[in-house]
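Just below is one structure, and these are the notes that go with it.
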Amino acid sequence: MRWSQYFIPTLKESPADAEILSHKLLLRAGLVRKLTGGLYTFLPLGLRALKKIENIIREEMNRAGAVEVLMPALQPPEIWQQSGRYETAKDVLYKVKDRANKEWVLGPTHEEVITTLAAGEISSYRQMPRNFYQIQVKFRDEIRPRFGLMRAKEFIMKDAYSFDATDEGAMVSYRRMYEAYARIFNRCGLKHFPVEADTGVIGGSHSHEFMVPAETGENDVVYCAACGYAANVEKATSGLPATAARDAGQGPEKFPTPGVVTIEALVKAPYNVPANRQIKTLIFIADSQPLIVLMRGDDQLNETKLMARTGATAARPATAEEIYALLGAHPGSLGAVAGTLRQPVSILADERLKGANDMTTGANEDGFHLKGVSIERDIKVTSWLDLRTVTAGEPCPKCTKPLKIQRAIEVGHVFKLGTKYSQKLNAFFLDAEGKSKPCVMGCYGIGVTRTLQAVIEQCNDKDGIIWPLAVAPFQVCITPLVVAPDSAVMQLAEKIYRELSAAGVEVILDDRDERPGVKFKDADLVGFPLRLGIGEKSLAKGEVELKPRAAALVPVKAEEAVAKIRELLSASPA
RNA sequence: CGGGACGUAGCUCAGCCUGGUAGAGCACUUGGUUUGGGACCAAGACGUCGCAGGUUCAAAUCCUGUCGUCCCGACCA
């Protein structure tokens, strides 16, 4: 490819709305352009890198036994109603109407479609295991698209769906995808690690996310450097002991606390109640039912855990009005001690409060608190659950060494789904005994466009992108410093260009009549793994200059350049 | 959806407070000089100042509304 015939609109300055480095580089290196918030056009260079990633994914999915299909992006709402996600996923669903005013949805994912396919095609255990995948555009009505391709309204995803006759079979399929994912991200040149994850609205029993460590990520990952435990903070637990028992005392005692509505205020004089001796009372509305959630004063509720543990499809903090109507007090004076509640309400307590006594909590009367509360004696807890958010430094749940927290970008997610979709969408088969059973499913996603940006986020320096060879849009950039067709420099450049092209090397010839500085800066910005500089000075010595993007320049005899480049390309990990 | 900021040339931004001829740098066009890390000189082209109302003799500037963008939060396979 000749640079002058290609389209690489590089930018010296970053557009003002690009926030994170990878987003700026995406724009500056001429890989993408924004149409509007959350919607991007891929320019030739960006498309090439994207296709590289797609092909790595294809190769590894095929190798893992999955077969490629392509499902419609436009889907009938009926199957979404059937799965129940027309309601539970309604916030992300784009809906459109046709001229007959019939409604359609733009697919945010394809469980419904693939399960409908399986329902029609799979009727015997002999037809399984089966794994279908596609690389498709997804549409999600994101509340707030951001960071370029990281969180967009329309993005490219690889999604795969496995169908098995048994639970054990499904675990094998899951494992196989898990391993394929590790290979895919390795080949993309990404540092990554798998973590235990919450299954969310999609449902299922077993789940890992593949994370790329990056400060600009939107996930917090809890991990243990000693034993390898790693989990999304939405799921992570720790080995912290329950609250220390003290003398239980006589029973709750009311005391005035005018104006005190925070944990912090109660910690201070004259009250001097440490946060770990307070019970925090939170009111949630889960699937329109009020819930009391009790946490230790120094702990933070994890709403994802709350949803997961209660099975609620929607939960939100209650409003001040709802709280007053329920408990007769305002936030800051709330409690769950039996006798202070005017009506029965489910009470969920965090396990860390088990056995806690001599605690202080709100009296459900503005301006008053209760001290000397023994949680198991004085509060009718409906269920004990792990609801707290793990913080850095807590003991690992497996080996008790201190946990660490790292920001990360989620690039892949594997789920063992079970039979949730197969049952609702009638994907049943006959087993060896002739009994009808639902297929056991798994689903496996990779954010392809997000992975592209994650590579850039991880592989760069002050001058621009440093593409890993396997995903670089071009492997080599030839930079002749003189472009006059009859010059020795250009003639050599053309010759090497022809030879490399003939050898199957992906090479771009910067034939622009620009000053050397401009060409060097552009090549660094775009980040070609190898650059071959050809100028009059070194050519006078019979040499050309080989400059790996991330290493020092090496002079090479002109006639050895092609062989040297091929050697470097084949030596690097694919 | 709540809080905040910002919309001026293709890009980065000044001008707005205190109303009166719309600006700079980069990019672009032409000519010349240059030519090993984003050249220099000269001459040019490029704007309904996001949009709609209002106030005023006069609005980029003040007021109202609206749309869009970004940030924080909420929310989010």
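Reminder, nothing fancy here: chain letters follow the sequence lines and each chain counts from 1.
- Considering only side-chain atoms of Glu142(A), the nucleotide from rC70(B), rU35(B), rC76(B) that sits closest is rC76(B).
- Nucleotides rG68(B) and rC63(B) have their P atoms positioned 22 Å apart, rounded to a whole Å.
- Applying the Watson-Crick and G-U wobble criteria (two distances, each under 3.5 Å), rG2(B) pairs with rC72(B).
- Comparing rG37(B), rC76(B), rG36(B) against the side chain of Arg151(A) picks out rC76(B) as the nearest.
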Identify every side-chain donor-acceptor pair in residues 154-163 of chain A under 3.5 Å, counting partners at least two apart or on other chains, and give the distances.
| residue | atom | partner | partner atom | Å |
| --- | --- | --- | --- | --- |
| Lys158(A) | NZ | Tyr181(A) | OH | 2.7 |
| Lys158(A) | NZ | Tyr444(A) | O | 3.1 |
| Asp159(A) | OD1 | Gln134(A) | NE2 | 3.4 |
| Asp159(A) | OD1 | Lys138(A) | NZ | 3.2 |
| Asp159(A) | OD2 | Gln134(A) | NE2 | 3.2 |
| Asp159(A) | OD2 | Lys138(A) | NZ | 2.6 |
| Asp159(A) | OD2 | Tyr161(A) | OH | 2.5 |
| Tyr161(A) | OH | His110(A) | N | 3.1 |
| Ser162(A) | OG | Gly442(A) | N | 3.3 |
| Ser162(A) | OG | Tyr444(A) | OH | 2.7 |

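- Counting any heavy atom pair closer than 4.0 Å across all strands shown, Asp524(A) reaches a base atom.
- The gap from the C1' atom of rG3(B) to that of rA39(B) amounts to 48 Å, rounded to the nearest Å.
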Write down the protein N/O and nucleotide N/O pairs, taken from nucleotides 7-16 of chain B, whose separation is under 3.5 Å; answer none if there are no such pairs.
| residue | atom | partner | partner atom | Å |
| --- | --- | --- | --- | --- |
| rU12(B) | OP1 | Ala16(A) | N | 2.4 |

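- Residues satisfying the side-chain hydrogen bond (donor to acceptor under 3.5 Å, both in side chains) test with Glu457(A), not counting sequence neighbours, are Ser22(A), Thr216(A).
- Comparing the C1' positions of rA9(B) and rU18(B) gives an interatomic distance of 27 Å, to the nearest angstrom.
- In terms of phosphate contacts, Thr36(A) brings a side-chain nitrogen or oxygen within less than 4.0 Å of OP1 or OP2 of rU69(B).
- Between Phe415(A) and His206(A), the gap from one ring centroid to the other reaches at least 6.0 Å.
- Side-chain rings of His208(A) and Phe210(A) stay apart, their centers remaining 6.0 Å or farther from each other.
- Of the candidates rG38(B), rC72(B), rG37(B), rG38(B) carries the atom nearest the Arg28(A) side chain, counting heavy atoms from C-beta on.
- Comparing rU35(B) with rG19(B), their C1' atoms are spaced 50 Å from each other, to the whole Å.
- rU12(B): Watson-Crick or G-U partner is rA24(B), with both key distances under 3.5 Å.
- Between the CZ atom of Arg549(A) and the P atom of rG37(B) there is a distance of 17 Å, rounded to whole Å.
- As the counterpart of rC62(B), rG54(B) is assigned, both hydrogen-bonding distances of the Watson-Crick or G-U wobble pattern falling under 3.5 Å.
- At least one side-chain nitrogen or oxygen of Arg146(A) sits closer than 4.0 Å to the OP1 or OP2 atom of rC72(B).
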